[in-house]
Number of protein chains: 2
Amino acid sequence: MTNKDDSYKFKKVISIGIVSELTGLSQRQIRYYEERKLIFPDRSKGIRKYSFADVEQLMEIADKREEGVPTQEIRREMTKEIREKMLKGQMNAHFRFRS
Amino acid sequence: MTNKDDSYKFKKVISIGIVSELTGLSQRQIRYYEERKLIFPDRSKGIRKYSFADVEQLMEIADKREEGVPTQEIRREMTKEIREKMLKGQMNAHFRFRS
DNA sequence: CGTGTAAGGAATTCTGACACG
DNA sequence: CGTGTAAGGAATTCTGACACG
């Protein structure tokens with residue numbers, strides 16, 4: 001039950017047009033953030049597929065960009081958060097759906 | 001929190017190709033079940049969009065079809081379940097705000 | 001650096017119809 | 001009844017590039 005609900009959040013099934021609507025970001029911006037390694041969609045025959053978790057991530061990125069934080073700084077903050085979560089022993093939640 | 005997770009399940013963001021992969025049903029079958037009023041995707045400029053709940057629904061439909069249950073019978077069972085759930089929901093709402 | 005845009009191509013989806021049965 | 005398929009068109013997505021700065 002919890003596993004199933006989790007899978008809804010992490011399953012990569014949403015194409016970029018919908019992600020754009022959900023986040024308010026342009027497709028150009030979404031692709032650029034991928035180029036800057038802030039987001040990692042799957043690919044299905046070349047077509048990008050995102051999860052709801054990705055959508056949330058993009059919303060956080062959007063907030064920080066509006067504050068003027070450059071992508072490189074956002075990336076640093078992200079890797080730092082990952083590190084902290086791993087220290088807390090939550091690496092399971094993070095990696096379980098990654099591969 | 002619970003609300004957000006619910007939205008993952010019911011938000012219509014998945015296009016038919018992915019739904020086909022997720023359910024193992026052909027696009028033809030998925031469209032036909034819509035024609036028979038077993039499933040109700042949203043439309044975005046003519047393009048069908050499904051939720052994870054829809055995907056689950058389709059899997060149940062697939063199971064019943066494999067058992068040889070005709071679509072019309074499946075539809076009857078569905079409306080019956082809806083009716084039961086509404087009664088339960090009303091009772092919940094009733095008791096929740098009663099005391 | 002971050003984002004917009006036009007360009008050409010590839011992959012997706014849609015509908016209505018014919019087929020089988 | 002339920003599903004496959006070919007057909008033609010419309011909408012989506014992709015990449016690499018030029019622009020501005």
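Everything quoted here is computed from the prediction, not taken from an experiment. We name chains A, B, ... by the order of the sequence lines, and we start the count at 1 in each one.
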Which nucleotide in [options] has an atom nearest any side-chain atom of [X]:
X: A:Q29; options: C:dT3, D:dT3, C:dT13; answer: C:dT3
X: B:R48; options: C:dT3, D:dC14, C:dC14; answer: C:dC14
X: B:R43; options: D:dT3, C:dT3, C:dT15; answer: C:dT15

| said: Heavy-atom nearest nucleotide on DNA chain C for A:P70 versus B:I47: which residue maps closer to 5'? | reply: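 Residue closer to the 5' terminus by nearest nucleotide: A:P70.
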| query | Got a donor-acceptor pair under 3.5 Å from the side chain of A:R28 to the base of C:dT5? | reply |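 By the distance-only test, yes, there is a pair.
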| task | Report the residues that fulfil salt bridge (charged side-chain N to carboxylate O under 4.0 Å, His left out) with A:E77, sequence neighbours left out, ordered by chain and then residue number. | result |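 Listed in chain order: A:K64.
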Measure from [atom1] on [X] to [atom2] on [N] and round the result to the nearest Å.
X: B:K45; N: C:dT12; atom1: NZ; atom2: P; answer: 18 Å
X: A:R31; N: D:dA17; atom1: CZ; atom2: C1'; answer: 14 Å
X: B:R65; N: D:dG4; atom1: CZ; atom2: C1'; answer: 14 Å
X: A:I30; N: C:dG4; atom1: CD1; atom2: C1'; answer: 14 Å
X: A:E35; N: C:dT3; atom1: CD; atom2: P; answer: 11 Å
X: B:I39; N: D:dG2; atom1: CD1; atom2: P; answer: 16 Å
X: B:L25; N: D:dG2; atom1: CG; atom2: C1'; answer: 12 Å
X: A:E34; N: D:dT13; atom1: CD; atom2: C1'; answer: 13 Å

| said: Under the criterion salt bridge (charged side-chain N to carboxylate O under 4.0 Å, His left out), I'd like the reasoning laid out for A:R31 against A:E34: C-alpha separation, chi angles, the key distance, then a yes or no. | reply: CA-CA 5 Å; A:R31 295 196 188 100; A:E34 177 182 358; over 6 Å; no
| query | Of B:E21, B:Q29, B:R28, B:Q27, which is the lone residue that meets side-chain contact (heavy atoms from CB on, under 4.5 Å) with B:L25? | reply |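 Among B:E21, B:Q29, B:R28, B:Q27, the one that satisfies the side-chain contact (heavy atoms from CB on, under 4.5 Å) with B:L25 is B:Q29.
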| query | Looking across every strand, which nucleic acid part, if any, lies under 4.0 Å from A:Q72 by heavy atom: base, sugar-phosphate, or nothing? | reply |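 The answer is nothing, as A:Q72 stays clear of every strand by at least 4.0 Å.
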Would you say a side-chain N or O of [X] is under 4.0 Å from OP1 or OP2 of [N]?
X: A:Y33; N: C:dG2; answer: no
X: B:S15; N: C:dT12; answer: no
X: B:Y32; N: D:dG2; answer: yes

| message | Let me spell it out: for each of B:R36 and A:Q27, pick the nucleotide of DNA chain D with the closest heavy atom. Which residue's pick is nearer the 5' end? | response |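 Mapping each residue to its closest nucleotide by heavy atoms, the 5'-most match is B:R36.
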| task | Could you tell me whether the side chain of A:T23 and the main chain of A:V19 form a donor-acceptor pair under 3.5 Å? | result |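 It does hold such a pair.
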| field | Expected output: side-chain B:R65 to main-chain B:V69 donor-acceptor under 3.5 Å | value |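 Yes.
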| field | Hydrophobic cluster identity match, A:Y33 and A:I47, side-chain contacts under 4.5 Å | value |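 No, A:Y33 and A:I47 fall in different hydrophobic clusters.
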| Taking both distances under 3.5 Å as the test for a Watson-Crick or G-U pair, what stems of at least three pairs does DNA chain C have? |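 Counting only runs of 3 or more consecutive pairs, the stems involving DNA chain C are C:2-5 with D:17-20, C:17-20 with D:2-5.
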| query | Any salt bridge between B:R75 and B:E35, counting N to O under 4.0 Å? | reply |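 A salt bridge is absent here (no side-chain N lies under 4.0 Å from a carboxylate O).
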| field | Pair A:D54 + A:K12, salt bridge at N-O below 4.0 Å | value |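 Yes, this pair counts.
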